[in-house]
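Below is one structure, written out as structure tokens, with a few remarks after it.
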Amino acid sequence: MTPPGQFSELMRHGLWSNNPALVQLLGLCPLLAVSNSVVNSLGLALATLLVMVGTGTAVSLIRHQVPASVRLPAYVMIIAAFVTCAELLMAAYTYALYQILGIFIPLIVTNCAILGRADAFASRNPVLPAATDGLMMGLGFGLVLVTLGALREALGQGTLFSSMELLLGAQASGWEIVLVENYQFLFFVLPPGAFFVAGLLIALKNVLDSRIEQRRQTQPVKSANRRVRVTGTIK
């Protein structure tokens, strides 16, 4: 089991301080391309999460058997195997969404965040920390992806959770929330809107980090009780 201290550190890195999308700026191609709605973002986020957890676990398991000279090709093959599994699962259970996401599901293989974590962390750590790192990095990437999708869908189409039945089945067909009737702002639906909203999210994170750091620096330092050893006679 992952120690609590290490688990919280991996969670903090994956979700905030070393987030793949907001800090490392990796995987931006699918992030910007498919995030025009919540359902598209959630579908790609789940597929990426599956691949990151599976890759971290597999790379950690074989880390002592793979020579350093061929480690990157071996990691790419592992990533491609898990991407194929995710692609087949989506084709079997969410075929309509699979067709909408199209080429961006196979392109998960080229996501630098997955290969980077496999080489930088999973290849140097035991299975549980490696799987936990993949889970947290995948959740961090997915949260940014879904947030971006929600903002673009609201600002571009005036709705939220439209067409969720493509991913979650017929029971989700009534989840759509109409924020503005008969509304469309094409800028936020197209890729330039994705760059704009993603930039706002990165700026917001930097502002929050700056305020947290300022608050930390302005906190008064507690004076410690010190004992003074006195030798000799006080007159």
Next item on the list: Could you tell me the separation between the SG atom of C112 and the CG atom of D119, rounded to the nearest 0.5 Å?
Entry: 12.0 Å

Notebook entry, point to check: Between E153 (side chain) and F161 (backbone), is there a donor-acceptor pair under 3.5 Å?
Noted result: yes

Margin query: Are the side chains of L115 and V76 in contact, using a 4.5 Å heavy-atom criterion?
Written below: yes

Checklist line | S35 side, atom OG; N40 side, atom CG - distance, nearest 0.5 Å | finding: 9.0 Å

Item checked: Minimal non-hydrogen separation, A154 against L179, with atom names -> CB-CD1, 3.7 Å

Next item on the list: Show your reasoning for whether side-chain contact (heavy atoms from CB on, under 4.5 Å) applies to W16 and N19.
Entry: CA-CA 5 Å; W16 189 257; N19 187 286; over 6 Å; no

Notebook entry, point to check: Can you tell me how far CZ of F7 sits from OG1 of T132, rounded to the nearest 0.5 angstrom?
Noted result: 6.5 Å

Margin query: What I'd like to find out is whether the side chain of L208 reaches to under 4.5 Å of the side chain of K205, using heavy atoms alone.
Written below: no

Next item on the list: Return yes if some donor-acceptor pair links the side-chain N/O of Q24 with the main-chain N/O of A21 below 3.5 Å, else return no.
Entry: no

Item checked: Expected output: side-chain R117 to main-chain A130 donor-acceptor under 3.5 Å -> no

Notebook entry, point to check: Any sub-3.5 Å donor-acceptor pair from S60's side-chain atoms to G56's backbone N or O?
Noted result: no

Item checked: Taking every non-hydrogen atom, the tightest pair across P129 and N125 -> CB-CB, 4.4 Å

Check: More than 12 foreign heavy atoms under 6.0 Å from CZ of F187: is that the case here?
Finding: yes

Margin query: Between L32 and P191, is there a side-chain heavy-atom distance shorter than 4.5 Å?
Written below: no

Margin query: Are L61 and L135 linked, directly or through intermediate hydrophobic residues, by side-chain heavy-atom contacts shorter than 4.5 Å (ILVMFWY only)?
Written below: no

Check: If you count the non-hydrogen atoms of other residues, nucleotides and ligands that lie under 6.0 Å from OH in Y95, is the total more than 12?
Finding: no

Checklist line | Side-chain donor-acceptor contact under 3.5 Å, Q157 with S162 | finding: no

Checklist line | 4.5 Å side-chain heavy-atom contact, V197 and F188 | finding: yes

Notebook entry, point to check: How far does OG of S210 sit from CZ of R215, to the nearest 0.5 angstrom?
Noted result: 11.5 Å

Next item on the list: Search all heavy atoms of T110 against all heavy atoms of L107 and return the closest pair with its distance.
Entry: OG1-O, 2.7 Å

Note to self: The test is side-chain contact (heavy atoms from CB on, under 4.5 Å); show your working for V189 and F185 and say whether it passes.
What the structure shows: CA-CA 7 Å; V189 178; F185 194 166; over 6 Å; no

Item checked: Side-chain heavy-atom pair Y183, T159 within 4.5 angstrom cut-off -> no

Margin query: So does A170 get a backbone contact from the side chain of S173, meaning a donor-acceptor N/O pair under 3.5 Å?
Written below: yes

Margin query: side-chain contact (heavy atoms from CB on, under 4.5 Å) for I108 and L44? Distances and angles first, verdict last.
Written below: CA-CA 9 Å; I108 295 175; L44 188 65; 4.0 Å; yes

Item checked: Taking every non-hydrogen atom, the tightest pair across L50 and A86 -> CD2-CB, 3.9 Å

Notebook entry, point to check: Would you say V144 and L26 are hydrophobically clustered, going by side-chain heavy atoms of ILVMFWY under 4.5 Å?
Noted result: no

Check: Any link between L25 and F121 through a network of hydrophobic side chains (Ile, Leu, Val, Met, Phe, Trp, Tyr) touching at under 4.5 Å?
Finding: no

Check: What distance separates M137 CE from L15 CG, expressed to the nearest 0.5 Å?
Finding: 9.0 Å

Next item on the list: Using modelled atom types only, decide if a donor and an acceptor are shared between the side chain of S41 and the backbone of L145 within a distance under 3.5 Å.
Entry: yes

Notebook entry, point to check: How many angstroms lie between atom CZ of R216 and atom CD of E213, to the nearest 0.5 angstrom?
Noted result: 5.0 Å

Next item on the list: Would you check if L148 and L151 make a side-chain contact, meaning some heavy-atom pair closer than 4.5 Å?
Entry: no

Notebook entry, point to check: Is it true that I103 and L31 fall in one hydrophobic cluster, defined by side-chain heavy atoms closer than 4.5 Å?
Noted result: yes

Item checked: For the student: nearest non-hydrogen atoms of I62 and I78, plus distance -> CD1-CD1, 3.4 Å

Notebook entry, point to check: Does V38 share a hydrophobic cluster with L101, counting links as ILVMFWY side-chain heavy atoms below 4.5 Å and allowing steps through other members?
Noted result: yes

Next item on the list: Could you give me the CA-CA distance, side-chain angles and deciding distance for L168 and W175, then say whether side-chain contact (heavy atoms from CB on, under 4.5 Å) is met?
Entry: CA-CA 10 Å; L168 302 177; W175 288 13; 3.3 Å; yes

Notebook entry, point to check: A194 and R152: which non-hydrogen atoms are nearest, and at how many Å?
Noted result: CB-NH1, 3.3 Å

